[in-house]
Amino acid sequence: MAASAIQQLRTGAERNPTRQTLKALADFFGVPAGHFVDSAVAERTKPEMDLLAAMSDGDVRKVALRADGLSVDSLRMLSTVIEQARKLEGLTTEDPAQDLDLDN
């Protein structure tokens, strides 16, 4: 897919992408093609997209990787510490992971 085609979509110069374009974008971003045209599909994929965005931050990724292998009790303790830090910094305390199906 040409950079010019992506630019036209981003700017609105091209408003009707082909199925092939939608499929290429969906494959690239790892989402169903419906993500771009169906708000219900986009809403279902939002938690996964949020996770990918968070994991692109090296510091967040480092914390996640260091937590791997810890006991459930230790993970709960870390989660509590993180929630307290978020409160102190005035960040939202809702858990985005609750929207993810992490068991599959």
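Values reported hereafter were calculated over all heavy atoms of this structure, with side chains retained and with hydrogens, waters and symmetry mates removed. Numbers here are sequence positions counted from 1.
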> Linking I/L/V/M/F/W/Y whenever any side-chain heavy atoms sit under 4.5 Å apart, do Leu51 and Leu91 land together?
Replying inline: no
> Do other residues, nucleotides or ligands put more than 12 heavy atoms under 6.0 Å from the CD atom of Glu43?
Replying inline: no
> Does the pair Lys46/Asp50 count as a salt bridge with the N-to-O cut at 4.0 Å?
Replying inline: yes
> Sequence neighbours excluded, which residues qualify as side chain to side chain donor-acceptor pair (under 3.5 Å) partners of Lys87?
Replying inline: none
> Can you name the side-chain contact (heavy atoms from CB on, under 4.5 Å) partners of Val63, sequence neighbours left out?
Replying inline: none
>> With rounding to the nearest 0.5 angstrom, report the CD to CG distance, Gln84 to Leu88.
In response: 6.5 Å
> Do Leu52 and Glu48 have side chains that get closer than 4.5 Å, going by heavy atoms?
Replying inline: no
>> List the residues meeting side chain to side chain donor-acceptor pair (under 3.5 Å) with Asp27, not counting sequence neighbours, and say none if there are none.
In response: Lys23
> Are Lys62 and Asp57 close enough that some pair of their side-chain heavy atoms sits under 4.5 Å apart?
Replying inline: no
> Tracing side-chain links under 4.5 Å among I, L, V, M, F, W and Y, which residues wind up in one group with Ile82?
Replying inline: none
> What salt bridge (charged side-chain N to carboxylate O under 4.0 Å, His left out) pairs are there with at least one residue in residues 2-15, not counting sequence neighbours?
Replying inline: none
> Would Val37 end up clustered with Leu9 when hydrophobic side chains under 4.5 Å apart are linked, directly or stepwise?
Replying inline: yes
>> Within this structure, what is the NE2-CZ distance for the pair His35 and Phe29, rounded to the nearest 0.5 Å?
In response: 8.5 Å
> Do the side chains of Leu25 and Val31 get nearer than 4.5 Å, heavy atoms only?
Replying inline: no
> Got a donor-acceptor contact below 3.5 angstrom from the Thr45 side chain to the Val41 backbone?
Replying inline: yes
> Distance from Arg86 atom CZ to Thr92 atom OG1, nearest 0.5 Å?
Replying inline: 6.0 Å
> What distance separates Ile6 CD1 from Phe28 CZ, expressed to the nearest 0.5 Å?
Replying inline: 7.5 Å
Under 3.5 Å, which donor-acceptor pairs do the side chains of residues 65-73 form with other protein atoms, sequence neighbours left out?
from  : atom 1 : to    : atom 2 : distance (Å)
Ser71 : OG     : Ser74 : N      : 3.1
Ser71 : OG     : Ser74 : OG     : 3.2

> Closest approach of Pro32 and Ala26, non-hydrogen atoms and distance?
Replying inline: C-CB, 3.9 Å
